[in-house]
2 protein chains.
Amino acid sequence: MSNASPLLPVLEPEAVAPCCPPLNERPLTADEAERAARMFKALGDPVRLRLFSLVASHEGGEACVCDISDVGVSQPTVSHHLKKLKEAGLLTSERRGTWVYYRVEPSVVAAMGQALISG
Amino acid sequence: MSNASPLLPVLEPEAVAPCCPPLNERPLTADEAERAARMFKALGDPVRLRLFSLVASHEGGEACVCDISDVGVSQPTVSHHLKKLKEAGLLTSERRGTWVYYRVEPSVVAAMGQALISG
DNA sequence: TCCTTGTTTCGACGTATGTCTATATTGACA
DNA sequence: TGTCAATATAGACATACGTCGAAACAAGGA
C-alpha cells in the first residue's frame, strides 16, 4: 500500500469500477477478468455464499462472528471464509470490544450485479 | 428427475428461481447456497469470465467457438471451460454444421444479477 | 495478574481444478 | 469412402482450495 497523502486524493481505477464493465458490452481484457473473477470466485463457495447472505440479511447490515453458527463447518473455517470475502472486497470488518463485526460493501456488490444485469 | 407428465406441468423451484432469492433478504439455506454458488463459481475463473463476456458481447448474442481466440489457453481448455459454463446453466450450445455456437442464458444471468442488486 | 471467551493464524491433509498433449468424434465435401 | 477441419473427450500432472485440530492472539473481568 502506497503512503497516499490525504491532501492529494487519487481516484484509483478500482474505485471507479469496483467490478468490471457490463459483461455484454465488450470482451473483458485479461486484467479486468482477473479482477472481476476474484469477486465472483469469492461467492462461488456454498459456505461463503451462506456467510455472505447471513451478513447481508442481518439486521443493521452487519453481523458479529458470534451471530454465525450452523453453517456446518468449524469456527476456524468460518473465520477463513470471512477473510476471503474480505480480501475480495465484498465484506469489511471492524472489531468492537470483544466481538468482530462484518458488513457488506454495497457498492462493490452492486457493481457485480450491474455487470450481470446489463449482460 | 421424476417422469413429469406434460399434462401436469409442475413449476419446480429451480424454474422459478434460477439463482436464488436476494442475498440480503434472508440467510440462504444450504441447498440454495449450493445451487447458486455453482453459478458464481462458473464465473470465478478469469478465463471462463473472458469466454462468457466474449459470447455475451458478440454480435447476435452468440459466438462460434471459432470466433474465440487469444484467451491464452489451448483449444481443449477453451472447450473444457465452455462446458463448465454450460453445466452451470449460463450458456447453451448448438451445433450448426461444422461449427458449434454458444449463447448466454439471459434469465439465469439476470437472476444472478438481481440477487446481488437487491443485496 | 490470571483466567475466560471470542477470533484468527498455523500446519497438515485430501480433494478439486486448470492446464496440457494425445486421441476421438462429428460433419462437410471430394 | 477417405480426408480434412472443427470441436470434444481422456488421461496425466501440478497447484489451489476447503477443511480440520491445535495453538496463538485480543480483550474484558475477577
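Quick note on labels: first sequence line is chain A, next is B, and so on, each numbered from 1.
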Counting side-chain heavy atoms from C-beta on, which of C:dT21, D:dC20, D:dC17 comes nearest to A:V73? D:dC20
Considering the terminal five base pairs at each end of the helix from C:dT1-D:dA30 to C:dA30-D:dT1, what angle separates the two local helix axes, rounded to 10°? 10°
For the residue pair A:L28 and B:S53, what are the closest heavy atoms and their distance? N-OG, 3.0 Å
What one should report as the nearest heavy-atom pair of A:A88 and A:R38 is CB-O, 4.1 Å
Considering only heavy atoms from C-beta outward, does the side chain of A:V109 approach that of A:F52 to under 4.5 Å? yes
Is the shortest side-chain N/O distance from B:H81 to OP1 or OP2 of C:dT17 below 4.0 Å? no
Do you know which of A:E62, A:K86, A:K83 makes side chain to side chain donor-acceptor pair (under 3.5 Å) with A:S93? A:K86
Report yes or no: does B:S57 contribute a side-chain atom to a donor-acceptor pair with the main-chain N or O of A:E25 at less than 3.5 Å? no
Distance-minimising heavy-atom pair for B:R50 and A:T29: NE-C, 3.9 Å
If only side-chain N and O atoms of A:K84 are considered, is one of them under 4.0 Å from the OP1 or OP2 phosphate oxygen of D:dG18? yes
Minimum heavy-atom separation for A:P106 and A:V104, please, with both atom names. CD-O, 3.2 Å
Reckon A:R96 touches a base, only the sugar-phosphate, or nothing at all at heavy-atom distances under 4.0 Å? nothing
Atom pairs under 3.5 Å, N or O on each side, protein against nucleotides 6-14 of chain C: can you list them with distances?
residue: C:dT7; atom: OP1; partner: A:V100; partner atom: N; Å: 3.4
residue: C:dT7; atom: OP2; partner: A:C66; partner atom: N; Å: 3.2
residue: C:dT8; atom: OP1; partner: A:Y102; partner atom: OH; Å: 2.7
residue: C:dT8; atom: OP2; partner: A:S79; partner atom: OG; Å: 2.9
residue: C:dT8; atom: O5'; partner: A:S79; partner atom: OG; Å: 3.3

Roughly how many Å is it from NZ in A:K41 to P in D:dT15, rounded to a whole number? 15 Å
Atom CD of B:E94 and atom C1' of D:dA8: how far apart are they, to the nearest Å? 17 Å
Check: A:L23 main-chain N/O paired with A:S118 side-chain donor or acceptor under 3.5 Å: no
Whole angstrom is fine here: how far is it from CZ in B:R48 over to P in C:dT17? 9 Å
